[in-house]
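So that the names make sense, note that chain A is the first sequence line, chain B the second, and so on, each numbered from 1.
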Amino acid sequence: MDYNFGEIESRWQNYWREHGVYHVKNDSDKPHYYVLDMFPYPSGAGLHVGHPLGYIASDIYARYKRLRGYNVLHPMGYDAYGLPAEQYAIQTGQHPAITTEQNINRYREQLDKIGFSFDWDREVRTCEPRYYKWTQWTFLQLFKHYYDNTANKALPIASLVERFAKQGTQGLDAACTEVLDFSSEEWNSWDEAKCQQVLMNYRLAYLADIPVNWCAELGTVLANDEVVNGLSVRGGYPVERKLMRQWSLRVSAYAQRLVDGLEQIDWTDSLKEIQRNWIGRSEGAAVWFPLENEDGKLKIENSDDAAFEIFTTRPDTIFGVTFMVLCPEHELIDSITTPEQKAEVEAYVTWAKNRSERERQAEVKKVSGVFTGAYAINPLTEEKIPIWVSEYVLAGYGTGAIMAVPAHDSRDFAFARHFNLPIRQVVALEKDAVSDPDTWEESMDAKTGYSVNSGFVTGMKVKEAMAAVINKIEEMGIGHRTVNYRLRDAIFSRQRYWGEPFPIYYKNNISYPIPEECLPLELPEVSEFKPTATGEPPLGHAQKWAWDEKNRCVVEKSLIDNKTIFPLELSTMPGFAGSSGYYLRYMDPHNDEAYFGKDAVNYWQKVDLYVGGAEHASGHLIYARFWNKFLHDMGMSVVEEPFQKLINQGMIQGRSNFVYRSKADNGLFLSKGLIKDMDDVTPIHVDINMVDNDVLDIERFRQWRPEFADARFELEDGKYICGWEVEKMSKSMYNVQNPDDLVARYGADTLRLYEMFLGPVEQAKPWDTNGIEGVHRFLKKFWRLFENLSDEAPSKEEQKVLHQTIKKITDDVERFSFNTAVSTFMICANTLTDLKCNKRDVLKPLTVLIAPFAPHIAEELWHQTGENTTVCDAEWPKYDESQLVEDTVKYPVQFNGKMRFTLDLPATATQADALEAVKAAPESGKWLTGEPKKVVFVPKKIINIVC
RNA sequence: GCUCUGGUGGUGGAAUGGUAGACACGAGGGACUUAAAAUCCCUUGCCCGCAAGGGCGUGUGGGUUCAAGUCCCACCCGGAGUACCA
């Protein structure tokens, strides 16, 4: 019987569904294992072949783990909130819930055809109230907690209130927007509004006026990871900096733990590195530089007015400071600028503020700045130092002010050169290697060598000098050792409709949480998805969007009286809100009493294997780790790091095909090999679906577009060969491959094997179907092995093939080398075909081995061997080393890399036996004279003889 | 610029420091067939040679080693991330 994949696959998919084969329970005597895919955003375009790559890999591993006796959690869901559905809604008026639902159904249909072993009973959708209830709940917990640096964890705001009432801010070390200092008397005398304002300074979810990435086109703010090169990731619209009142998450409070946690997890170095760079930890010192006062003397006490703080990673270079620079937003500028400089400075500041983020980034190399006329005093040398203002100092990092050491910082160097400011060398590679910095072509930034011209640290190594200077400034009380992070708090408000509403209402302009028992706060209906005429977010259109404090429910907006009925927050949460904790919800998705039950999380603990794209490295994977750490502080999640092992599937690029139209003759197309000069032809993208192995289907091409109906071709060997190039997979390049087409043509098992066969999972690679035939051929060959099964005992040779395969496949799967595993199957099938092997005892274990890769054919063949259970209940075959041991083993022999031959030796041969065999070998006479001096004998490898 | 990756036939890619190019595609040749499909067999890194055989080969140049695609140093080229982060 032929291999009828279509019939086999749909039959088994139905069987699995009807019998709930992949449903998982939260209790089992078996060890547990959690395999997770990054859930997809269901876009209108449906799945392309890039999506399933990771899903197939994780499915293989999940199925493998099941066969190895694990209770495996392998769920799937949808990241259903997002901009595209809403943009579409704005254009068409179609409610995003409807398009989202349609897209989800389409995704599900496509996923089902590929034969995944997901437990669909556990499906979550971020846009469902039952799910987002817990997103909102977590937000409220963030709102109700602050980060205590002493306890090094999140603590309830209530305990902070208690503390303030008793001792004010004394002894408090907490993450905050602004360092405050007040006494208990002050706290107790403040009214509600003032107290709430102070508490907002500490909350982990807080409202503040902050510079945000405003995207006018999308009508919303965006997080840093949603902006690239001054353009929005979604849509590519310009983004500007703007000061707005926004909800933010104090992710920065967890910066150190986010760095430390990377040590414990099994991710690739490159991914950890991306996160480390994004968090951007740098050690250094905060130093107060006093301003020059009327007498020109140091004035350090009362430092707030008379000094400003800078951050430096190079305190050892403080003797080389020749100017100071403030960012254009610095609050000190107005007060210190001298009357003569006023006009110039104001002009510069205005110019700098009006520049778009894009302009600024595009002109990073251009030097600009202005002198304020004011001077600071170097606290160690008591020198007078001019204070400048420049764009190259950023408001958002450190203190927005720097000490400039042009000799040892390339940016300061460029600035000094441009404005002709002095450059002073204070570090040299050797103690006496001092030269004239005016002759330098670039600054010496490396943190190596010795301090020179540096007062009390002169002669010290750079590292010693750093420590010495910090000690000194700490002793003088003008600074301290400190750590700075690049990681900023995450802006959490979006001025959009299609997202989770904030469970927050405003009483007297103060934000209050909705009682937890009232969650979820459901997304209201709106008449329009655009911002309102007054510029409010779309929720401004909602009629029923006010909070009745007394009756604890949502009511008509028209009833707002600001006494018992108050306005609700109009922003919604960003895309990453729903995806930050979904992996925990899968553990216990039907729980309406809690995010997830204690038992469930105690059982599953964490995600053991997470598979997804590296593009989430500085977004989702940071937020989710933060979210999990917070829940851990709350005693909810069991472990701090949610994703133990992470594999990034490489992006699948498109492989575009081209035809070449002659420039001289517009109706003529030249086959690739006939083109003499590429300048004579115009390459035109053709749909890859009309091309097979780079050969163009001429008839389909003619029908494709009217202008090609009369196309003429110059062929090679009767074929039109297309050119190709690797590009992004996109509709406009006609290189999108839809998995359904391939499933229909070759079957899901072929698609699964082929996607794995294409290359290592982690590696980016262009998609092309040129080799898919080979994989399909293998399955047909594998299928044929099972015709006429025999119960005879397998021969030694057949046993050997089987056990070699068991060993190799197990190794390959364990190290996620699925491409070599597929090759191993092919070799096995080829060998067994050559041996004409039809032994049940050999073939049956093979169906189990292949089941993770090609589950449908495995089920079918498993049944043909006489089993009534599903192959999913089988056990992974046992590897028997003794089956591989041979009587003799061939050993290659080499001599000085020249002479090579092979010896048959007993498998148990020793070094002495080897030496004898070498001497006895006829070939050795050619070169072996006398007794060999040394024999290196590595069993199963090689023998080396040194004369 | 910095960080991380990678560089092996016509192509995708194999190789715990141990016979480089497994496996597959493509290409060429052949068998079966009236024919096609399907299936099977042979050849296929490059150069010299009728052949036996020999020489060269993992981006480049050095090094460690009995032995290097693999380890070390320098350089060249691609891909990704990030970017006045002090």
Side-chain angles (χ1 to χ4, degrees), chain A residues 2 228-229 268-278 280-282 284 310-314 317 325 327 360-361 363-367 390-394 396-405 408-412 414-415 442 445 484-488 614-615 617-618 648 650-651 653 655 693-695 717 724 726 753-754 757-760 762-775 777-778 780-781 784 811 815 817 819-828 830 833-834 890-897 900-902 934-936 938 940-946:
Chain A
D2 277 353
V228 175
N229 292 328
T268 60
D269 288 342
S270 71
L271 196 73
K272 287 186 184 181
E273 208 52 37
I274 293 173
Q275 292 220 333
R276 276 194 202 103
N277 289 341
W278 188 261
R281 181 184 202 274
S282 48
I310 58 100
F311 173 74
T312 179
T313 55
R314 295 295 302 274
T317 62
V325 189
C327 66
R360 210 183 56 72
Q361 288 195 1
E363 294 171 9
V364 157
K365 297 238 160 64
K366 263 195 186 165
V367 178
S390 174
E391 263 201 322
Y392 87 88
V393 175
L394 304 177
Y397 185 78
T399 57
I402 61 151
M403 62 176 212
V405 185
H408 305 291
D409 181 283
S410 54
R411 296 149 305 178
D412 298 345
F415 195 83
E442 54 182 15
D445 295 8
N484 239 301
Y485 301 92
R486 205 182 72 104
L487 183 72
R488 316 270 174 86
E615 67 272 18
S618 49
N648 287 123
M651 245 220 311
Q653 296 140 305
R655 186 181 187 274
N693 280 335
D694 292 335
V695 177
D717 306 323
W724 61 273
V726 174
L753 283 171
Y754 184 60
F757 186 66
L758 217 45
E762 295 97 324
Q763 193 176 300
K765 57 222 153 200
W767 174 262
D768 78 88
T769 43
N770 285 349
I772 198 164
E773 294 280 354
V775 173
R777 242 169 251 159
F778 153 71
K780 284 197 273 191
K781 185 178 271 188
R784 278 198 301 271
D811 279 0
R815 60 193 177 101
S817 181
N819 57 330
T820 55
V822 176
S823 293
T824 305
F825 282 124
M826 290 179 175
I827 296 167
C828 174
N830 287 342
T833 304
D834 288 349
K890 284 191 192 300
Y891 292 98
V893 177
Q894 68 177 30
F895 174 63
N896 284 352
R900 279 185 188 149
F901 58 93
T902 307
K934 185 176 147 197
V935 173
V936 182
V938 184
K940 291 189 185 174
K941 289 279 164 63
I942 221 154
I943 310 169
N944 259 286
I945 298 93
V946 181

Can you check the distance between [N] and [M], where both ends of the measurement are the [atom1] atom (answer in whole Å)?
| N | M | atom1 | value |
| --- | --- | --- | --- |
| B:U65 | B:G55 | C1' | 25 Å |
| B:A15 | B:G9 | C1' | 15 Å |
| B:U64 | B:C73 | P | 15 Å |

Scan [X] against the nucleic acid and name what it touches under 4.0 Å (heavy atoms): base, sugar-phosphate only, or nothing.
| X | value |
| --- | --- |
| A:P766 | nothing |
| A:E773 | nothing |
| A:K366 | base |
| A:S270 | sugar-phosphate |
| A:V325 | nothing |

A:S817 and A:T820: side chain donor to acceptor below 3.5 Å: yes
Over 12 non-hydrogen atoms of neighbours within 6.0 angstrom of CG in A:D834: yes
Residue whose closest nucleotide on RNA chain B lies nearer the 5' end, A:F311 versus A:G771: A:G771
Given RNA chain B, 5'-ward residue of the pair A:N830 and A:G759, judged by closest heavy atom: A:G759
Pairwise side-chain contact, A:F415 with A:S410, heavy-atom cut-off 4.5 Å (strictly under): no
Nearest heavy-atom neighbours spanning A:L271 and A:A617: CD1-CB, 3.5 Å
